[in-house]
Chemist: 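Can you read through this structure? Questions will come right after.
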Amino acid sequence: MLPRRQHELPPTAGLPLRLSDLRPGAPTLAADIAAQLGTPPLQLECSGTACLLIALITLSELQPARRRVVAPAFTCPLVAIAVHQAGLELQLCDLRPDHYDMDPAALRAVCDEHTLAIIPTHLAGRVADVEDALAVARLVGAYVIEDAAQALGARHHGVSVGMGGDVSFFSLAAGKGLSIYEGGLLLAREPALRKQLAHTSARIVPRSVIRECQRSIELLGYAALYRPGGLQLAYGRPLRRALRRGDPVTAVGDDFPLTIPLHRVGRWRQAVGTHAATRLPDFDVQRGVLAQRRLPRLRGIDGVRVMQDPADARGAWPFFLLLLPDPQRRDAALTELWSSGHGVSRLFIHALPDYAYLGGLVPTPDVPHARDFASRSLTISNSPWMNDADFEAICGVLETVLR
Ligand SMILES: *Cc1c(COP(=O)(O)O)cnc(C)c1O
(Lines give C-alpha, C1' and ligand atoms only; values in the text may rest on other atoms or scores of the structure.)
Protein backbone atom coordinates (compact mmCIF):
# COMPACT_ATOMS: atom_id res chain seq x y z
CA MET A 1 0.00 0.00 0.00
CA LEU A 2 1.06 3.56 -0.66
CA PRO A 3 2.36 5.00 2.64
CA ARG A 4 -0.54 6.46 4.58
CA ARG A 5 -0.92 10.18 3.98
CA GLN A 6 -0.56 12.19 7.19
CA HIS A 7 -3.80 14.10 6.70
CA GLU A 8 -6.69 12.23 5.17
CA LEU A 9 -8.03 13.66 1.88
CA PRO A 10 -11.80 13.67 1.28
CA PRO A 11 -13.05 11.58 -1.67
CA THR A 12 -14.82 14.62 -3.16
CA ALA A 13 -14.00 18.31 -3.21
CA GLY A 14 -16.55 19.79 -0.84
CA LEU A 15 -16.57 23.47 0.03
CA PRO A 16 -15.06 23.70 3.53
CA LEU A 17 -17.12 25.67 6.07
CA ARG A 18 -15.63 28.47 8.16
CA LEU A 19 -16.39 29.37 11.74
CA SER A 20 -18.01 32.62 10.52
CA ASP A 21 -20.47 30.60 8.37
CA LEU A 22 -22.06 29.37 11.59
CA ARG A 23 -23.40 32.78 12.60
CA PRO A 24 -27.12 33.39 12.17
CA GLY A 25 -28.29 35.19 9.05
CA ALA A 26 -30.91 35.46 6.36
CA PRO A 27 -32.37 32.13 5.16
CA THR A 28 -31.98 33.01 1.48
CA LEU A 29 -29.99 29.96 0.37
CA ALA A 30 -32.33 28.86 -2.44
CA ALA A 31 -32.67 32.38 -3.84
CA ASP A 32 -28.91 32.98 -3.67
CA ILE A 33 -28.05 29.76 -5.50
CA ALA A 34 -30.73 30.46 -8.13
CA ALA A 35 -29.15 33.89 -8.70
CA GLN A 36 -25.66 32.34 -8.98
CA LEU A 37 -26.80 29.67 -11.43
CA GLY A 38 -29.16 31.91 -13.39
CA THR A 39 -32.11 29.55 -12.93
CA PRO A 40 -35.75 30.23 -12.06
CA PRO A 41 -36.54 30.08 -8.31
CA LEU A 42 -35.30 26.95 -6.55
CA GLN A 43 -37.23 25.05 -3.90
CA LEU A 44 -35.22 24.02 -0.83
CA GLU A 45 -35.94 20.55 0.58
CA CYS A 46 -34.27 18.38 3.22
CA SER A 47 -32.33 16.22 0.71
CA GLY A 48 -31.83 15.56 -2.98
CA THR A 49 -33.83 12.38 -2.52
CA ALA A 50 -36.68 14.35 -0.95
CA CYS A 51 -36.64 16.58 -4.06
CA LEU A 52 -36.89 13.52 -6.29
CA LEU A 53 -39.70 12.07 -4.19
CA ILE A 54 -41.67 15.34 -4.34
CA ALA A 55 -41.10 15.52 -8.11
CA LEU A 56 -42.27 11.93 -8.63
CA ILE A 57 -45.40 12.37 -6.50
CA THR A 58 -46.27 15.60 -8.32
CA LEU A 59 -45.77 14.15 -11.80
CA SER A 60 -47.65 10.95 -10.97
CA GLU A 61 -50.65 13.05 -9.91
CA LEU A 62 -50.54 14.83 -13.27
CA GLN A 63 -50.32 11.53 -15.18
CA PRO A 64 -51.93 8.92 -12.89
CA ALA A 65 -52.05 6.22 -15.58
CA ARG A 66 -48.26 6.21 -15.90
CA ARG A 67 -46.45 4.29 -13.14
CA ARG A 68 -42.95 3.54 -14.50
CA VAL A 69 -39.77 5.51 -13.90
CA VAL A 70 -36.66 4.85 -15.96
CA ALA A 71 -33.21 5.42 -14.41
CA PRO A 72 -29.67 4.34 -15.29
CA ALA A 73 -28.72 0.96 -13.80
CA PHE A 74 -25.57 2.51 -12.30
CA THR A 75 -26.74 5.30 -10.04
CA CYS A 76 -27.29 6.17 -6.39
CA PRO A 77 -29.40 3.59 -4.50
CA LEU A 78 -31.44 6.52 -3.12
CA VAL A 79 -33.02 6.91 -6.55
CA ALA A 80 -34.51 3.41 -6.26
CA ILE A 81 -35.68 4.13 -2.71
CA ALA A 82 -37.43 7.36 -3.81
CA VAL A 83 -39.23 5.60 -6.69
CA HIS A 84 -40.39 2.90 -4.28
CA GLN A 85 -41.57 5.40 -1.67
CA ALA A 86 -43.54 7.27 -4.37
CA GLY A 87 -45.40 4.01 -5.04
CA LEU A 88 -44.01 3.81 -8.56
CA GLU A 89 -42.20 1.09 -10.47
CA LEU A 90 -38.50 1.43 -11.28
CA GLN A 91 -37.21 0.33 -14.67
CA LEU A 92 -33.48 0.19 -15.17
CA CYS A 93 -31.75 1.19 -18.36
CA ASP A 94 -28.29 -0.20 -19.11
CA LEU A 95 -25.40 2.19 -19.80
CA ARG A 96 -23.59 2.86 -23.02
CA PRO A 97 -20.42 0.73 -23.07
CA ASP A 98 -17.63 2.50 -21.12
CA HIS A 99 -19.88 5.46 -20.35
CA TYR A 100 -22.07 6.91 -17.59
CA ASP A 101 -24.96 7.76 -19.94
CA MET A 102 -27.94 5.52 -20.59
CA ASP A 103 -27.63 3.54 -23.81
CA PRO A 104 -29.87 5.16 -26.47
CA ALA A 105 -31.12 1.83 -27.87
CA ALA A 106 -31.75 0.37 -24.40
CA LEU A 107 -33.59 3.57 -23.41
CA ARG A 108 -35.90 3.28 -26.41
CA ALA A 109 -36.51 -0.37 -25.60
CA VAL A 110 -37.70 0.28 -22.02
CA CYS A 111 -39.82 3.41 -22.59
CA ASP A 112 -43.46 3.28 -23.65
CA GLU A 113 -46.91 4.73 -22.88
CA HIS A 114 -46.56 3.53 -19.24
CA THR A 115 -43.43 5.61 -18.65
CA LEU A 116 -43.97 8.52 -16.29
CA ALA A 117 -40.43 9.89 -16.21
CA ILE A 118 -36.88 9.34 -17.45
CA ILE A 119 -33.97 10.31 -15.17
CA PRO A 120 -30.76 11.23 -17.04
CA THR A 121 -28.02 11.58 -14.43
CA HIS A 122 -25.11 14.01 -14.32
CA LEU A 123 -22.79 11.55 -12.59
CA ALA A 124 -19.60 12.83 -10.96
CA GLY A 125 -20.33 16.35 -12.21
CA ARG A 126 -20.14 15.17 -15.82
CA VAL A 127 -22.88 16.45 -18.09
CA ALA A 128 -25.35 13.76 -19.15
CA ASP A 129 -27.07 13.36 -22.49
CA VAL A 130 -30.34 15.08 -21.56
CA GLU A 131 -31.19 15.69 -25.24
CA ASP A 132 -31.53 11.99 -25.92
CA ALA A 133 -33.75 11.50 -22.86
CA LEU A 134 -35.88 14.44 -24.03
CA ALA A 135 -36.19 12.96 -27.51
CA VAL A 136 -37.41 9.62 -26.13
CA ALA A 137 -39.67 11.35 -23.58
CA ARG A 138 -41.34 13.35 -26.37
CA LEU A 139 -41.95 10.15 -28.35
CA VAL A 140 -43.74 8.37 -25.50
CA GLY A 141 -45.20 11.36 -23.65
CA ALA A 142 -43.06 11.06 -20.51
CA TYR A 143 -41.40 13.72 -18.33
CA VAL A 144 -37.65 14.16 -17.89
CA ILE A 145 -36.18 14.58 -14.39
CA GLU A 146 -32.51 15.56 -14.43
CA ASP A 147 -30.59 14.07 -11.52
CA ALA A 148 -28.01 16.80 -10.94
CA ALA A 149 -27.30 15.71 -7.34
CA GLN A 150 -23.56 15.56 -8.09
CA ALA A 151 -23.44 18.44 -10.53
CA LEU A 152 -24.23 21.75 -8.82
CA GLY A 153 -22.47 24.39 -10.94
CA ALA A 154 -22.21 22.28 -14.11
CA ARG A 155 -23.27 24.05 -17.30
CA HIS A 156 -24.35 22.96 -20.76
CA HIS A 157 -24.74 25.33 -23.72
CA GLY A 158 -23.92 28.13 -21.31
CA VAL A 159 -26.79 27.46 -18.88
CA SER A 160 -26.97 25.46 -15.66
CA VAL A 161 -27.68 21.75 -15.95
CA GLY A 162 -31.26 21.13 -14.92
CA MET A 163 -32.72 23.59 -17.41
CA GLY A 164 -33.28 21.01 -20.15
CA GLY A 165 -35.59 18.64 -18.31
CA ASP A 166 -39.04 19.28 -16.86
CA VAL A 167 -37.76 18.95 -13.30
CA SER A 168 -34.28 18.59 -11.82
CA PHE A 169 -32.58 18.56 -8.46
CA PHE A 170 -29.25 19.26 -6.80
CA SER A 171 -27.96 17.74 -3.57
CA LEU A 172 -26.54 19.68 -0.63
CA ALA A 173 -25.51 16.52 1.24
CA ALA A 174 -22.16 16.19 3.00
CA GLY A 175 -19.46 15.59 0.43
CA LYS A 176 -21.36 16.92 -2.59
CA GLY A 177 -19.93 20.40 -2.95
CA LEU A 178 -21.88 22.99 -1.00
CA SER A 179 -23.34 21.25 2.03
CA ILE A 180 -25.75 21.98 4.86
CA TYR A 181 -25.17 18.33 5.87
CA GLU A 182 -28.42 17.26 4.16
CA GLY A 183 -30.40 19.33 1.72
CA GLY A 184 -31.61 19.53 -1.83
CA LEU A 185 -32.70 22.11 -4.37
CA LEU A 186 -35.60 21.41 -6.70
CA LEU A 187 -35.89 23.14 -10.06
CA ALA A 188 -38.65 23.29 -12.67
CA ARG A 189 -38.55 25.40 -15.79
CA GLU A 190 -42.33 25.96 -16.07
CA PRO A 191 -44.00 28.23 -13.50
CA ALA A 192 -47.12 26.02 -13.39
CA LEU A 193 -45.09 22.95 -12.48
CA ARG A 194 -43.10 24.95 -9.91
CA LYS A 195 -46.34 25.84 -8.24
CA GLN A 196 -47.42 22.21 -8.16
CA LEU A 197 -44.09 21.10 -6.69
CA ALA A 198 -44.39 23.71 -3.95
CA HIS A 199 -47.93 22.55 -3.33
CA THR A 200 -46.90 18.89 -2.95
CA SER A 201 -44.15 19.93 -0.56
CA ALA A 202 -46.52 22.03 1.56
CA ARG A 203 -48.86 19.04 1.73
CA ILE A 204 -46.44 16.22 2.59
CA VAL A 205 -43.39 17.78 4.29
CA PRO A 206 -43.85 18.44 8.02
CA ARG A 207 -41.80 20.49 10.41
CA SER A 208 -39.74 18.40 12.80
CA VAL A 209 -37.83 20.03 15.63
CA ILE A 210 -36.14 16.74 16.47
CA ARG A 211 -34.89 16.10 12.92
CA GLU A 212 -33.71 19.67 12.51
CA CYS A 213 -31.82 19.52 15.82
CA GLN A 214 -30.17 16.32 14.71
CA ARG A 215 -29.18 17.80 11.33
CA SER A 216 -27.90 20.97 13.00
CA ILE A 217 -25.63 18.96 15.29
CA GLU A 218 -24.44 16.91 12.31
CA LEU A 219 -23.72 20.13 10.42
CA LEU A 220 -21.64 21.39 13.36
CA GLY A 221 -19.70 18.13 13.33
CA TYR A 222 -19.20 18.43 9.58
CA ALA A 223 -17.97 22.02 9.92
CA ALA A 224 -15.54 20.94 12.65
CA LEU A 225 -14.16 17.83 10.94
CA TYR A 226 -14.22 18.64 7.20
CA ARG A 227 -10.61 19.79 7.25
CA PRO A 228 -7.24 18.06 6.83
CA GLY A 229 -6.87 17.30 10.54
CA GLY A 230 -10.42 16.05 11.04
CA LEU A 231 -11.17 13.82 8.09
CA GLN A 232 -9.30 10.84 9.47
CA LEU A 233 -11.76 10.70 12.34
CA ALA A 234 -14.87 11.51 10.31
CA TYR A 235 -14.04 9.63 7.12
CA GLY A 236 -10.81 7.62 7.10
CA ARG A 237 -11.28 5.47 10.20
CA PRO A 238 -14.84 4.32 9.46
CA LEU A 239 -13.79 3.66 5.85
CA ARG A 240 -10.85 1.44 6.85
CA ARG A 241 -12.92 -0.35 9.46
CA ALA A 242 -15.59 -1.20 6.86
CA LEU A 243 -12.96 -2.32 4.34
CA ARG A 244 -11.30 -4.59 6.90
CA ARG A 245 -14.72 -6.15 7.51
CA GLY A 246 -15.00 -6.73 3.76
CA ASP A 247 -17.98 -4.39 3.53
CA PRO A 248 -17.37 -1.99 0.63
CA VAL A 249 -21.05 -0.92 0.51
CA THR A 250 -20.74 0.59 3.99
CA ALA A 251 -17.24 1.88 3.18
CA VAL A 252 -18.56 4.23 0.48
CA GLY A 253 -21.84 5.00 2.26
CA ASP A 254 -24.11 3.13 -0.18
CA ASP A 255 -26.09 1.59 2.71
CA PHE A 256 -29.09 3.91 2.91
CA PRO A 257 -32.17 3.50 5.10
CA LEU A 258 -35.19 2.33 3.09
CA THR A 259 -37.38 5.23 4.21
CA ILE A 260 -36.69 8.79 3.17
CA PRO A 261 -37.16 11.33 5.97
CA LEU A 262 -39.16 14.42 5.04
CA HIS A 263 -38.96 17.60 7.09
CA ARG A 264 -38.42 21.35 6.64
CA VAL A 265 -34.93 22.82 6.64
CA GLY A 266 -34.57 25.28 9.52
CA ARG A 267 -33.46 28.90 9.35
CA TRP A 268 -30.04 28.40 10.91
CA ARG A 269 -28.90 25.71 8.48
CA GLN A 270 -30.14 27.85 5.60
CA ALA A 271 -28.14 30.78 6.94
CA VAL A 272 -24.99 28.63 7.14
CA GLY A 273 -25.48 27.62 3.52
CA THR A 274 -26.13 31.23 2.55
CA HIS A 275 -22.83 32.37 4.09
CA ALA A 276 -20.82 29.53 2.54
CA ALA A 277 -22.49 30.01 -0.85
CA THR A 278 -20.80 33.39 -1.27
CA ARG A 279 -17.55 31.44 -1.81
CA LEU A 280 -19.06 28.86 -4.14
CA PRO A 281 -18.50 30.57 -7.53
CA ASP A 282 -14.77 31.05 -6.81
CA PHE A 283 -14.46 27.54 -5.41
CA ASP A 284 -16.06 26.16 -8.57
CA VAL A 285 -13.64 28.04 -10.80
CA GLN A 286 -10.70 26.80 -8.69
CA ARG A 287 -11.89 23.20 -8.97
CA GLY A 288 -12.31 23.58 -12.73
CA VAL A 289 -8.81 25.00 -13.16
CA LEU A 290 -7.27 22.25 -11.03
CA ALA A 291 -9.15 19.56 -12.97
CA GLN A 292 -8.09 20.94 -16.35
CA ARG A 293 -4.49 21.02 -15.16
CA ARG A 294 -4.57 17.40 -13.94
CA LEU A 295 -6.68 15.82 -16.69
CA PRO A 296 -3.91 15.59 -19.32
CA ARG A 297 -1.65 13.67 -16.91
CA LEU A 298 -4.43 11.16 -16.15
CA ARG A 299 -5.44 10.82 -19.78
CA GLY A 300 -1.82 10.21 -20.71
CA ILE A 301 -1.65 7.00 -18.67
CA ASP A 302 -2.04 4.06 -21.00
CA GLY A 303 -5.18 2.11 -20.09
CA VAL A 304 -6.90 4.91 -18.15
CA ARG A 305 -10.16 6.28 -19.49
CA VAL A 306 -11.30 9.48 -17.76
CA MET A 307 -14.97 10.48 -18.00
CA GLN A 308 -15.29 13.86 -19.69
CA ASP A 309 -18.03 16.22 -20.77
CA PRO A 310 -19.59 16.42 -24.21
CA ALA A 311 -18.68 19.41 -26.39
CA ASP A 312 -20.37 22.66 -25.27
CA ALA A 313 -20.50 21.46 -21.67
CA ARG A 314 -18.51 22.63 -18.67
CA GLY A 315 -19.16 20.19 -15.86
CA ALA A 316 -18.44 20.47 -12.17
CA TRP A 317 -15.34 18.73 -10.81
CA PRO A 318 -15.89 17.19 -7.37
CA PHE A 319 -13.66 14.25 -8.40
CA PHE A 320 -12.39 12.38 -11.44
CA LEU A 321 -14.26 9.27 -12.56
CA LEU A 322 -11.97 6.72 -14.24
CA LEU A 323 -12.32 3.38 -15.95
CA LEU A 324 -9.45 0.88 -15.94
CA PRO A 325 -9.14 -1.92 -18.51
CA ASP A 326 -10.38 -4.76 -16.28
CA PRO A 327 -11.67 -5.45 -12.73
CA GLN A 328 -8.40 -7.13 -11.69
CA ARG A 329 -6.30 -4.05 -12.32
CA ARG A 330 -8.96 -1.73 -10.90
CA ASP A 331 -8.89 -3.82 -7.72
CA ALA A 332 -5.09 -3.84 -7.70
CA ALA A 333 -5.08 -0.04 -7.87
CA LEU A 334 -7.58 0.15 -5.01
CA THR A 335 -5.53 -2.22 -2.87
CA GLU A 336 -2.80 0.43 -3.01
CA LEU A 337 -4.94 3.54 -2.84
CA TRP A 338 -8.33 3.06 -1.19
CA SER A 339 -7.09 3.01 2.43
CA SER A 340 -4.06 5.25 2.08
CA GLY A 341 -5.81 8.56 2.70
CA HIS A 342 -5.21 9.93 -0.83
CA GLY A 343 -8.87 10.55 -1.69
CA VAL A 344 -9.19 7.56 -4.03
CA SER A 345 -12.45 5.66 -3.77
CA ARG A 346 -15.31 4.09 -5.68
CA LEU A 347 -18.51 5.85 -6.69
CA PHE A 348 -21.24 3.23 -6.26
CA ILE A 349 -20.15 -0.31 -5.46
CA HIS A 350 -22.70 -2.14 -7.59
CA ALA A 351 -25.14 -1.77 -10.43
CA LEU A 352 -28.53 -1.29 -8.74
CA PRO A 353 -29.75 -4.91 -9.15
CA ASP A 354 -26.71 -6.16 -7.20
CA TYR A 355 -27.34 -4.49 -3.81
CA ALA A 356 -28.65 -7.26 -1.56
CA TYR A 357 -30.42 -4.77 0.73
CA LEU A 358 -32.42 -3.32 -2.16
CA GLY A 359 -33.89 -6.71 -3.05
CA GLY A 360 -37.59 -6.29 -3.70
CA LEU A 361 -37.26 -2.58 -4.54
CA VAL A 362 -35.22 -3.02 -7.67
CA PRO A 363 -35.88 -5.15 -10.76
CA THR A 364 -33.11 -7.48 -11.90
CA PRO A 365 -32.75 -7.07 -15.64
CA ASP A 366 -29.53 -7.98 -17.38
CA VAL A 367 -27.45 -4.79 -17.35
CA PRO A 368 -23.97 -5.92 -18.40
CA HIS A 369 -22.57 -2.46 -19.14
CA ALA A 370 -23.65 -1.05 -15.78
CA ARG A 371 -22.07 -4.04 -14.02
CA ASP A 372 -18.94 -3.63 -16.08
CA PHE A 373 -18.80 0.07 -15.17
CA ALA A 374 -19.17 -0.75 -11.47
CA SER A 375 -16.37 -3.33 -11.66
CA ARG A 376 -13.82 -1.18 -13.52
CA SER A 377 -14.38 2.35 -12.20
CA LEU A 378 -12.69 4.31 -9.44
CA THR A 379 -12.67 7.94 -8.37
CA ILE A 380 -9.89 10.40 -7.52
CA SER A 381 -10.67 13.40 -5.36
CA ASN A 382 -10.34 16.88 -6.83
CA SER A 383 -9.94 18.41 -3.39
CA PRO A 384 -7.77 21.55 -3.32
CA TRP A 385 -5.98 19.90 -0.37
CA MET A 386 -4.49 17.30 -2.73
CA ASN A 387 -1.04 18.59 -3.62
CA ASP A 388 0.95 17.78 -6.75
CA ALA A 389 3.04 15.15 -4.95
CA ASP A 390 -0.12 13.31 -3.84
CA PHE A 391 -1.53 13.42 -7.34
CA GLU A 392 1.74 12.22 -8.82
CA ALA A 393 1.87 9.36 -6.30
CA ILE A 394 -1.60 8.26 -7.40
CA CYS A 395 -0.63 8.46 -11.08
CA GLY A 396 2.49 6.44 -10.29
CA VAL A 397 0.43 3.65 -8.74
CA LEU A 398 -1.90 3.61 -11.75
CA GLU A 399 1.09 3.40 -14.09
CA THR A 400 2.59 0.51 -12.12
CA VAL A 401 -0.70 -1.39 -12.05
CA LEU A 402 -1.27 -0.84 -15.76
CA ARG A 403 2.25 -1.64 -16.90
C1 LIG B 1 -26.46 11.73 -3.64
C2 LIG B 1 -27.29 11.43 -4.82
C3 LIG B 1 -28.68 11.50 -4.78
C4 LIG B 1 -29.44 11.84 -3.52
O5 LIG B 1 -29.12 13.09 -2.96
P6 LIG B 1 -29.16 13.27 -1.37
O7 LIG B 1 -29.07 14.75 -1.18
O8 LIG B 1 -28.02 12.53 -0.80
O9 LIG B 1 -30.48 12.74 -0.90
C10 LIG B 1 -29.37 11.23 -5.93
N11 LIG B 1 -28.73 10.89 -7.08
C12 LIG B 1 -27.39 10.82 -7.16
C13 LIG B 1 -26.75 10.47 -8.46
C14 LIG B 1 -26.63 11.07 -6.03
O15 LIG B 1 -25.30 10.98 -6.10
Side-chain angles (χ1 to χ4, degrees), residues 11-14 29-30 33 42-56 69-86 90 92-93 95 100-102 117-128 130 133 145-154 161-162 165 167-187 205 211 215 218-219 222 249 252-263 265 269 273 307 315-316 318-319 321 345-352 355 358 361-362 370 373-374 377 379:
T12 69
L29 177 59
I33 300 289
L42 296 166
Q43 182 176 323
L44 179 67
E45 297 294 345
C46 66
S47 68
T49 316
C51 291
L52 177 57
L53 179 59
I54 289 163
L56 290 170
V69 178
V70 175
F74 183 73
T75 190
C76 182
L78 287 166
V79 171
I81 296 171
V83 172
H84 179 75
Q85 192 158 329
L90 181 65
L92 296 178
C93 180
L95 304 183
Y100 54 89
D101 267 324
M102 290 182 279
I118 304 171
I119 311 184
T121 303
H122 302 287
L123 214 56
R126 310 279 52 76
V127 173
V130 177
I145 303 175
E146 286 183 55
D147 182 341
Q150 303 188 358
L152 181 66
V161 293
V167 188
S168 64
F169 63 96
F170 302 100
S171 169
L172 304 175
K176 292 206 187 174
L178 175 65
S179 180
I180 52 171
Y181 200 77
E182 288 279 16
L185 292 165
L186 188 54
L187 168 63
V205 179
R211 281 266 179 216
R215 292 291 184 245
E218 287 168 332
L219 180 57
Y222 176 79
V249 170
V252 300
D254 272 357
D255 51 339
F256 298 102
L258 294 179
T259 309
I260 299 155
L262 288 175
H263 61 99
V265 176
R269 282 201 300 140
M307 294 301 121
F319 50 85
L321 177 57
S345 185
R346 282 165 73 177
L347 185 44
F348 307 117
I349 297 301
H350 299 301
L352 282 186
Y355 289 94
L358 290 180
L361 270 66
V362 172
F373 201 97
S377 53
T379 61

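Whatever order the structure lists them in is the order used to number ligands and atoms, beginning at 1.
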Chemist: Just to be sure I read this right, does ligand 1 sit under 4.0 Å from the backbone of L78, its side chain, both, or neither, counting only heavy atoms?
Modeler: side chain
Chemist: Is there a side-chain contact between C46 and E182 (heavy atoms, below 4.5 Å)?
Modeler: no
Chemist: Are the side chains of T259 and I81 in contact, using a 4.5 Å heavy-atom criterion?
Modeler: no
Chemist: Below 3.5 angstrom, do we get any N/O pair linking S171 and ligand 1?
Modeler: yes
Chemist: Could you identify the single nearest non-hydrogen protein atom to atom 13 (C) of ligand 1 and state the distance to 0.1 Å?
Modeler: D147 OD2, 3.3 Å
Chemist: Do any heavy atoms of G183 fall under 4.0 Å from ligand 1?
Modeler: yes
Chemist: Tell me, do L123 and Q150 make a side-chain contact under 4.5 Å, heavy atoms counted?
Modeler: yes
Chemist: Taking all heavy atoms of V161 and all of A151, pick out the closest pair and write down the distance.
Modeler: CG2-O, 3.7 Å
Chemist: Heavy atom of H122 under 4.0 Å from ligand 1?
Modeler: no
Chemist: At what distance is the nearest protein heavy atom to atom 4 (C) of ligand 1, and which residue and atom is it?
Modeler: T49 OG1, 3.4 Å
Chemist: Check L361, V69, L78 against V83 for a side chain to side chain contact (heavy atoms under 4.5 Å, CB included) and give me the one that passes.
Modeler: V69
Chemist: For ligand 1, is there an N or O atom under 3.5 Å from any N or O atom of A149?
Modeler: no
Chemist: Students often mix this up, so state it plainly: with edges at 30° and 60°, are the rings of F348 and F74 parallel, tilted or perpendicular?
Modeler: perpendicular
Chemist: More than 12 non-hydrogen atoms from neighbouring residues, nucleotides or ligands closer than 6.0 Å to NE2 on H84, yes or no?
Modeler: no
Chemist: Considering only heavy atoms of A173, which atoms of ligand 1 have at least one such atom less than 4.0 Å away?
Modeler: 7 (O), 8 (O)
Chemist: Please confirm whether T75 comes within less than 3.5 Å of ligand 1 when only nitrogen or oxygen atoms on both sides are compared.
Modeler: no
Chemist: Identify the protein heavy atom lying closest to atom 2 (C) of ligand 1, giving its residue, its atom name and the separation to 0.1 Å.
Modeler: K176 NZ, 2.3 Å
